[in-house]
4 protein chains.
Amino acid sequence: MRPAHTRIPADIGCALDYERHAAHHIEAMAWRHIQGGADQNLTLAHNRAALDALRLLPRPLASLRSGHTRLTLLGQAFEHPLLLAPVAYQGLAHPEGEIASVRAAMALRAGYIASTLSSHTLEDIAAAAQAAARELGYGAPLWFQLYSQPAREHTLALLRRAEAAGYQAIVWTVDASIKRSGFALPPSVEAANLRGYPAMQHTPQAIGGAVLLGTPLADAAPALEDLEWLRAQTRLPLIVKGVLSPRVAAEAVARGADALVVSNHGGRVMDGVPAPIEVLPAIRAAVPAAPLLLDSGIRWGTDAAKALALGASAVLIGRPQLHALAVAGVQGVAHLLLTLRSELELALAQLGCARLEQLTPEAVWDESSKK
Amino acid sequence: MRPAHTRIPADIGCALDYERHAAHHIEAMAWRHIQGGADQNLTLAHNRAALDALRLLPRPLASLRSGHTRLTLLGQAFEHPLLLAPVAYQGLAHPEGEIASVRAAMALRAGYIASTLSSHTLEDIAAAAQAAARELGYGAPLWFQLYSQPAREHTLALLRRAEAAGYQAIVWTVDASIKRSGFALPPSVEAANLRGYPAMQHTPQAIGGAVLLGTPLADAAPALEDLEWLRAQTRLPLIVKGVLSPRVAAEAVARGADALVVSNHGGRVMDGVPAPIEVLPAIRAAVPAAPLLLDSGIRWGTDAAKALALGASAVLIGRPQLHALAVAGVQGVAHLLLTLRSELELALAQLGCARLEQLTPEAVWDESSKK
Amino acid sequence: MRPAHTRIPADIGCALDYERHAAHHIEAMAWRHIQGGADQNLTLAHNRAALDALRLLPRPLASLRSGHTRLTLLGQAFEHPLLLAPVAYQGLAHPEGEIASVRAAMALRAGYIASTLSSHTLEDIAAAAQAAARELGYGAPLWFQLYSQPAREHTLALLRRAEAAGYQAIVWTVDASIKRSGFALPPSVEAANLRGYPAMQHTPQAIGGAVLLGTPLADAAPALEDLEWLRAQTRLPLIVKGVLSPRVAAEAVARGADALVVSNHGGRVMDGVPAPIEVLPAIRAAVPAAPLLLDSGIRWGTDAAKALALGASAVLIGRPQLHALAVAGVQGVAHLLLTLRSELELALAQLGCARLEQLTPEAVWDESSKK
Amino acid sequence: MRPAHTRIPADIGCALDYERHAAHHIEAMAWRHIQGGADQNLTLAHNRAALDALRLLPRPLASLRSGHTRLTLLGQAFEHPLLLAPVAYQGLAHPEGEIASVRAAMALRAGYIASTLSSHTLEDIAAAAQAAARELGYGAPLWFQLYSQPAREHTLALLRRAEAAGYQAIVWTVDASIKRSGFALPPSVEAANLRGYPAMQHTPQAIGGAVLLGTPLADAAPALEDLEWLRAQTRLPLIVKGVLSPRVAAEAVARGADALVVSNHGGRVMDGVPAPIEVLPAIRAAVPAAPLLLDSGIRWGTDAAKALALGASAVLIGRPQLHALAVAGVQGVAHLLLTLRSELELALAQLGCARLEQLTPEAVWDESSKK
């Protein structure tokens, strides 16, 4: 296992190059945990395959004059539609962890979503972001990803801390309250935000007894009434993360979600589910007015272009963040973001789009109609 | 070839891990026989591919309170919908063979189907099950799989023995009366139930003469009139195993079958047939009221969830039984069942189903409509 | 390169086993010539893939009593629907060449089609067939495959020789008059039927001149008027071999063809054409009354069952003939035929067909309708 | 790295054989540059896969008498529909570069398109073509491929030079003004036509600033008004190269394009775009009267036949030109052209087409209808 480089290696030109390098910069058990998906990794592979299967239809001869990639989301201004996803335990990739990634995000004007399961506290992350923005003279929105805790009082405590620290939106993850994992954190990494909070205990029953359904763990899974409760607790925008079903999307928006993240949690939770890009058109149709973000598998600028064309307002970058962090720390994440943004702009130029709103489903070649 | 472990190896977390290990615990010729399918193994591979190709659509935010996996089948209560399939000659995998697998089934409250071709007698298997249930204070239904014998008197004798031993249903297999196999049992393993019963003789003809059609072997294949005869011989529920055709399903139910097992015999009989999961919706439509079980390729809890969503009441676990038996005997089979049940409950939780009846075709993402 | 075995190797159980063995019994250049297809071998691979992609739907519980595989084709009686295809230069596989393969065909009651390009004369092949039939007390129909010669007088001479030698039908091949081949026959093998007949000369033009179109080779390609001429020359049944197009099928039948062979010449002529099994339903619909035979890719009894289900009356076995001949001479071909017939009968039994006419398109699972 | 052979190696029989050999005759960095595509090379692979997926339906028994492959395009006579595509920097493959390839084209009567980015000047290339044609007593049309320069005066200067040198049409490339490339030309190779012309400068901005959209590079991309301007500057036929969108095709023709090249620039510009052969039918329908040429992936005569059947008038040969040049210089390119022409004529013969106009969409097997 090698320490992070102090400069970007010469043979890195895309996000997948960071992945290739990162295998040598992360401890083997942590690497397997980071890279792995549920069961057979079908979803993990399918997330990529579904993106690769889509084809973009170039539109040369369009004017690109005065183009830009700016957008407004939930009333907040973004320079471009690439955000850093909430990725747990970034200390596994680099000692500076989330402090490095948030600094890179600010420098590249990328929105940043801090995870409940960060290895630095949400307060430290926010402080680092604010310091970087002061130094740069510019920044980008900072959001907080929230996991419901076994007791509502602790969920509420996290929410209040995020509000106090200056986070500008809450991203409530609902697709991963129950999953299998055999990974134990190394001693150097902890869930810094949850110090002193009780964890959900899942006590195995006697052989032949209840396994999951009928136990406290299942009974406490986030439900629609929890969404209503949470909505009532804060004036920050509330984004529900982990939606693949058009019906659930409509229910969540009806109960107060301001936006949704279409995601299968990077293929980590249940194997054999659709890729977000596949369900995006149906979710776009189910909630025509809701801002949609998308993650799980974005590795190229053209991937982002595909998601934006099919109805997403922005995309989140997950595992590549850890890869770039492990390879070259804050510089790696900054270079990753610049690379993805450059690729996205090249794609926009090829697609004849001077601005994001010109990117519509027509940019995706419809193989069925050979239109 | 290694003996079975006395405890579960640490690197086993799923049914396929048992398969990987089992290659080292089963004699090479027997291993090829167990693992092999007909001709090119297309069906064997397709059984898995057809399950993997289906995608489940998670439904977060549903309430899971007071969930369970209980069901009633043919008037009999099951704790969960995972049954051990009738697998021949379990002595090939472990000296304790069916005695070990039936004990594991009872401990994990899993229905058990003893094979006509078991390496222990049906009476010994039933006695082991009953002793285990007494010891545990609980158990699970015990069924007997019946192969028609060359003479009806011997078929009837098997049926009466099963009734006398306390089996609660008859699973009549109709898809494997004629097939090719070059495998000879080792001296230590025999068809214990058939001691003293005559086997069908298939005498090769002179070159240029009849090969199969027109010989006694073909003339004696199970036909609809045999189903009617068998139905008239017993008051136990009668389940017809080995149906892939909606038309045959309807005929079998019309002639008295109480339930069906949708199966291609684990890909062992004819190559190039549909996977059970593919034909399940059409069979469900053809016999709307009949309980359907399904086997051939179930290796994950999500596979079971897919079958249940598309109309099966329960699924049968075939080859993995032998794999777990070979690796760790009774403990292996028990751990396999617990693993599969845990996986199924995780899937149910992700799908927002607190009970089995909530699992409907809507849980399967319809790729054609991109609904 | 090893000589043929004098008995069937123990590890041979199917046609593909013969192929595997044959690589060691045929000289390398000849092996490449025999095994190769046009250009990238896409058609060669696709012929197999198209058969493998079809699924048969078993029909248990049907009565198989008094079953058989007999059929009548062009007024001639066949014991089963497996014929040996006209395969050129069998001397490349075994010194006895066509003499061995025709003897095996007679012993297994398989129809035999002698090639214009045989390494023994058509007279010697017919004599061997007739001697074998006398010895056995039974036989099978003997047909002659005709390639048009540069001059009609030589085509007519071949036809008259075939009539005189007792051949019972003419199979006129129309799909291979123009193709590329860099293979030169070894000195021990010749086109025995064509001794003294002039070959078509294809003289390369000056650079920049005509390549193929506009040269005598293209001008002499078999055309519809040649079919009418040939039809007028003989009272034997006339079968046109090498049809993939429904339109050409209808034209050929309208001009006097008594039957067709749906074939892409084993993928040897043009790459990227449909597999015969794919076009069979459309050709069946285009010429509802014409007997259809099919070759190119048949390697298993289930392949033959698929072709028969979709409208073929019989199938031809091509390259496997050479493989079996190379491995074990006359015994090899006889065993190959017995193996394929056994497989076909097993398939018929699984499909609930006691006779060939019961095998209809319903036996093929329709994936599109999930019927 | 080996020098070019002085005669064609004996094991070369098709374009892909040249590719295989060429890897040993081109310097490693240049080889990667020549062979590579955008991002993951999905488009590069898809260009081939889309051609391979189409199947041609042979039509035996058609008359081929008096056949030929001649065509008229933009009022110019071509002996056959295979043209050499504009391929940049042919000096990377062979010291004689474009001088050798244009001589080979003339000898084989193949249309030739000189690239703006040629390693010899357009004047030298034209002179070599004219000298060859004088020597041979025949030739073929000579066209010039134009890249718009940062300033219109330099674009116009190139156009005037091409007119003066005798080029007969202008091929204006519009799909590659903005792309990524890390390749630096070796000292021995230069853009000979552009000596003294200023290159577009793309100065990176400060971190966080504009990346592409909003910079001079994007603002200067060729737009519809540039097409109108260019159309007004010359009386030569104007062909727009790099169209995949039916809508852009219609716009370009409406603004004065005389013909189009359906192309994705050999998969080099943006990854994940359709293959030209896929969009060809829709473009044919969008501009029914415009001559269409097609490139990107043509490697076999059957590929050309597929493109012609679906609406192209001719095809361009790109990378194989460099491969043949590297392997055997002028002789290699000539042999490549003869090979492709022979393959195309074999395909025409199999398809029953004595002339190009007989090649219609009916020659492509429609898998969806199984017609």
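To find a chain, count down the sequence lines: A is the first, B the second, and so on, and within it residues start at 1.
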Can you tell which part of [X] gets under 4.5 Å to a heavy atom of chain C, answering side chain, backbone, both or neither?
X	answer
B:Leu42	side chain
B:Arg255	neither
B:Val273	both
B:Gln40	both

**Asked** So which of C:Ser342, C:Pro58, C:Ala53, C:Ser66 has the biggest tally of heavy-atom pairs under 4.5 Å with chain B?
**Response** C:Pro58
**Fill in**
Comparing C:Lys306, C:Glu79, C:Glu343 against chain B, the one with the most heavy-atom pairs below 4.5 Å turns out to be C:Glu343
What part of [X] is in contact with chain B, defined as an atom under 4.5 angstrom from a non-hydrogen atom: side chain, backbone, both or neither?
X	answer
C:Leu348	side chain
C:Leu136	neither
C:Leu56	both
C:Arg59	both
C:Ala347	both

**Message:** Could you go through C:Thr69 and B:Val211, starting from their C-alpha distance and side-chain angles, then the distance that decides it, and tell me whether this counts as side chain to side chain contact (heavy atoms under 4.5 Å, CB included)?
**Reply:** CA-CA 10 Å; C:Thr69 59; B:Val211 166; over 6 Å; no
**Prompt:** What do you reckon, is CD of C:Glu135 surrounded by more than 12 foreign heavy atoms closer than 6.0 Å?
**Reply:**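 Result for CD/C:Glu135: open.
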When rounded to the nearest 0.5 angstrom, what is the spacing between [atom1] in [X] and [atom2] in [Y]?
X	Y	atom1	atom2	result
B:Arg247	C:Leu61	CZ	CG	12.0 Å
B:Leu212	C:Leu64	CG	CG	7.5 Å
C:Gln350	B:Leu244	CD	CG	10.0 Å
C:Glu345	B:Leu217	CD	CG	11.0 Å
B:Asp271	C:Asp52	CG	CG	8.0 Å
C:Ser63	B:Asp219	OG	CG	7.5 Å

**Request:** Using a 4.5 Å cut-off on heavy atoms from C-beta on, say whether the side chain of B:Pro274 contacts that of C:Leu57.
**Result:**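 The answer is yes; the side chains approach within 4.5 Å.
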**Prompt:** Do C:Cys14 and B:Asp39 touch side chain to side chain, with heavy atoms closer than 4.5 Å?
**Reply:** no
**Message:** Among B:Ala221, B:Ser245, B:Gly242, which residue has the highest count of heavy-atom pairs closer than 4.5 Å to chain C?
**Reply:** B:Ser245
**Asked** What's the shortest heavy-atom distance between C:Ala349 and B:Ile178, and which atoms?
**Response**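 Smallest interatomic distance, heavy atoms only, reads CB-CD1, 4.0 Å.
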